[in-house]
There are 2 protein chains.
Amino acid sequence: MATLMAMGRWEPDAKGRMIRAALDLFTERGFEQTTAGDIAASAGVTERTFFRHFADKREVLFDGSATLQHTVHDAILAAPGELTALEAALAGMAAGGGLLQERREFAVRRARIVAADPSLQERELLKLAAMTESTAEALRSRGVAEPAASLAAHSAVSVFHVAFASWITAEDPPGFDVCIGRTATSLRALI
Amino acid sequence: MATLMAMGRWEPDAKGRMIRAALDLFTERGFEQTTAGDIAASAGVTERTFFRHFADKREVLFDGSATLQHTVHDAILAAPGELTALEAALAGMAAGGGLLQERREFAVRRARIVAADPSLQERELLKLAAMTESTAEALRSRGVAEPAASLAAHSAVSVFHVAFASWITAEDPPGFDVCIGRTATSLRALI
DNA sequence: CGGTCGATGTCAGTCACTGTCATACGCGGT
DNA sequence: ACCGCGTATGACAGTGACTGACATCGACCG
């Protein structure tokens, strides 16, 4: 029962060590100036092991994205039935924001690294696109038809995106749900 | 006067030949199974020349993106002053759609290739993000404040995205502006 | 104590991309 | 017609991201 998950031959939590090492090295030298071998060595493993844990060099910065996506998806399904499509999707985004809120320091460091490299922004956009599709699927499960489901999903993720930017920038961080609420209000004023 | 632009040492339009060769090879074998050297050889140049014309292998499929972005940007600036932020942004998207409409066959083949490879979807998302930022900047030039400018830009590009998907899928292609109009109507119904 | 399974190390290989230098074409000047 | 000159290209070597194949080690299971 002590070896339920992961753990390799030597020290435990090889994946976590690589994630932390990558965050440090990327902060010091930048993403491009850090090789996969550097990260692996810094974590006490070989380069080959790095690529067994992460599909590519960028993925080391996106370990929590699947969890975030599932949290959002589940929150949408669990939202009160009387909510509109957009309201339910926004409730999901607020739930996802709660996850980030618990590790704001990590989120800020990570955001700085991503902002400095276009290839990391690409990957971030791909994760957001996956969250958009997952959100649309959840809305369809609630009986929302196309193209309303896709549009509501895109709108909600856009709100998440804009709200995240303001939350990460703020010096005195308000709650993520507050940022989402403000941004959603601005969106409603547009139409 | 015959050598105003481009032209290499041998045959003219090396860039155009590489773009067409890439489209053919990607269609036949797929993106990953085609090397940059394959495309170059098929176009009668060396691999090194390929990378002189395109920043990376994926860019060969995104040659028109800068033109599209500028067209959208200019159309927003040229839109009637009495339009709301979202209306002006949507007018820009319709103008951009007009560009794609002129080469629908190319757009369809290209879309199929992109849909089959995640790394190409990443690049497409990055181009859309650039268009979003450019759109937001144009709206700010019209006096729209933040976060309304960013949100209107995100909303308009989302409409463009969803409308494009329906336009590319349709067997009997309606006008792109019609698709945008329908999608925009669905968006307004959300809120 | 031997067998099995999973995570790791090792090594060779492909391909995307880059820097450098030599070369050849088109063009303007004389 | 000849001569430089700028620019696009060819040739070549090198780095780093990733992958496949195989051997090894350690923990658990009987």
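Labels below follow one simple rule: chain letters A, B, ... track the order of the sequence lines, proteins then strands, and each chain is numbered from 1.
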Could you tell me whether Arg110(B) sits above the aromatic face of Phe62(B), with NZ or CZ closer than 6.0 angstrom to the six-membered ring centre and within 45 degrees of the axis?
yes
side-chain contact (heavy atoms from CB on, under 4.5 Å) assessment of Arg58(B) paired with Phe31(B)
CA-CA 9 Å; Arg58(B) 289 173 277 169; Phe31(B) 177 77; 3.5 Å; yes
Could I get the full list of side-chain contact (heavy atoms from CB on, under 4.5 Å) partners for Arg48(B), not counting sequence neighbours?
Thr46(B), Phe51(B), Arg52(B)
Rounded to the Å, how far apart are Phe50(A) CZ and dA7(C) P?
17 Å
Nearest whole Å is fine: how far is dT8(C) P from Lys15(A) NZ?
11 Å
Whole angstrom is fine here: how far is it from CZ in Phe54(A) over to P in dA17(D)?
15 Å
5'-most by nearest nucleotide on DNA chain D - Val45(B) or Phe31(A):
Val45(B)
In whole angstrom, give the distance that lies between atom CD of Glu59(A) and atom P of dT19(D).
12 Å
Relative to each other, are the rings of Trp167(B) and Phe164(B) parallel, tilted or perpendicular (30° and 60° limits)?
tilted
Can you tell me the distance, in whole Å, between the CG atom of Asp38(B) and the P atom of dC17(C)?
14 Å
Under the side-chain hydrogen bond (donor to acceptor under 3.5 Å, both in side chains) test, residues paired with Ser119(B) that sit two or more places apart
Asp117(B)
Length of the line joining Gln33(B):CD and dC18(D):P, which is rounded to integer Å:
17 Å
State, with a plain yes or no, whether a side-chain heavy atom of Arg109(B) is found less than 4.5 Å away from one of Phe26(B).
no
Let me have a per-nucleotide readout for nucleotides 10-15 of chain C, 5' to 3', with B, S or -, counting only protein heavy atoms under 4.0 Å.
B-----
Distance in angstrom units between His53(B) NE2 and dT7(D) C1', rounded
11 Å
Measure the distance from CG on Leu120(B) to P on dA16(C) and round it to the nearest whole Å.
12 Å
